[in-house]
Amino acid sequence: MAIDYRRSSGDLPGRPHQDSLADILERVLDKGIVIAGDIQINLLDIELLTVKLRLLIASADKAAEMGIDWWQNDPFLRGGNGNGNELEERLRRLEQKAGIEQRSSDES
Amino acid sequence: MISSGVEAAWYVYGVVPADAGLDGLDVVSEHGLSAIVGRVDLAEFGEEPLRRNLENRAWLEQAVASHDDVLSGVVGAAPLVPFRFGTVFRDEAGVREMLRARRAELRGALDRLRGHVELGVKVFLVDTAKDEGAKPATGRDYLLQKQRARDAATNVQAEALEQVKALHEHLASLADGARANPPQPPELSGRRDTMLLNAAYLVSTDEQPEFVAAADDPGDERLEVVVTGPWPAYNFVQPEEAR
C-alpha cells in the first residue's frame, strides 16, 4: 500500500518533488497527534528520540549564533500560544522522567 | 505485510471519517471514525525491539517513510488526522476503544482540517559571497578585507531575515494556520545555503494556487523558496488536540 499522492499529484504542476527525508522525519516523528497506544513505552521512546532529532534539527545555540532564532521569541510566529515554553517544559519533564527511570533501573 | 506465525499488532497511521470510502486501505471503524491500520510484527514493534529499532537509522528512515506514504495517499481524498509515528495496539479492540475514547477530539480535528492541506515552505539565503577584487597587498589589508566581508554578510543576513519574516506573515495571512519550525542545519537540509525559514501552513485547497504563487515570490533574488507538499496536516494536530 503506497499510493504516492505527493509524488504523482498534479496539484502543484511542474513542481519537482522537493521534500527531503529531513522534512518527513521532522513531521512523522515530531508532529502528528500523540495518542498512547498499548505499547506504552513507545511514547517515551519517541519523545526521547525527537529530543535527539530536535537537537540535530536546531541546536538553539547554533541557530542563535547564525542569527536565525527570531522564531523563538516572536509571539505571532509562535502562534501566540506559548508553544515554546510548553515544549521546553515538556522536555524538562521528559528528561526528569528519563533520569528517574535510569536510576530506578540501576537500583533494581 | 507480515507472514503468518508472527505475533501481530495493530499500527495506527491516522484517522479519517468512516464514510471516506478509501480503497485499498485497512481500516477499523467505530463511532463514525475509521482508523487506518496496518498489521505489524511485535518482534519489530514490541517494546524492546522498537526501542532498539529506533536507534537503527536505516530501519527508522524506512519505517518513517512508510508511515508518511500511507498517509500521503489519503491527502486530498479525505480529511485526515495524522498520528505520530509508533502508535501500536495489541488488538483490534484497543483501536476501537481509542476511537471511542477520543472521538470528540478526533471529530473536531477532522472538521477543522476538512478541505485543507499542509504546505511546507523553506527559504534559503543563497550564497552571495563575491570575489573581493584586488588581492590584498599586506597582511593588514587582508584582515581588513576579511572584516568587511564578514560585516557585509551579517548585513545581508539581517536584511534577508526581515524579508523572510514579512513573507511568513503574509503567507500566514493567506492560510488558516501557520507554524514556524526551527530551520534545519545544513547536515539535515543537505544544502550549504543557510535556511532562514522552515514553516508549515494549513491552506484551504481552493486557495492553494494563490498561496503557492505568493510563496514563490519572496521579493528578493537572494532568497530561494522551496515549497513542499501537500502534506497530511502533521503540524496542525498538535499540541492543542493532544490535551
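Naming convention: chains lettered A, B, ... in sequence-line order (proteins, then strands); numbering from 1 in each chain.
Between the OG1 atom of B:Thr87 and the CD1 atom of A:Ile33 there is a distance of 9.5 Å, given to the nearest 0.5 Å. Distance check: A:Leu29 CG to B:Tyr234 OH gives 10.0 Å after rounding to the nearest 0.5 Å. Taken from CD in B:Glu105 to CD1 in A:Ile35, the straight-line distance is 5.5 Å, to the nearest 0.5 Å. Interatomic distance, A:Asp23 CG to B:Asp68 CG, rounded to the nearest 0.5 Å: 10.0 Å.
Contact check for B:Asn235 versus A:Arg27: side-chain heavy atoms found under the 4.5 Å cut-off. With contacts defined as side-chain heavy-atom distances shorter than 4.5 Å, the pair B:Asn181/A:Asp30 does not qualify.
Proximity to chain A is limited to the side chain of B:Glu118, based on heavy atoms less than 4.5 angstrom apart. Residue B:Tyr11: no heavy atom, backbone or side chain, is found under 4.5 Å from chain A.
For the salt bridge (charged side-chain N to carboxylate O under 4.0 Å, His left out) test, residues two or more places apart in sequence or in another chain that qualify with B:Glu92 are B:Arg96. Partners of B:Glu61 by salt bridge (charged side-chain N to carboxylate O under 4.0 Å, His left out), not counting sequence neighbours, listed by chain and number: B:Arg57.
Ranked by heavy-atom pairs under 4.5 Å with chain A, the list B:Val81, B:Val64, B:Leu42 is led by B:Val64.
Closest non-hydrogen pair, B:Arg179 versus A:Lys31, comes out as NH2-NZ, 4.0 Å.
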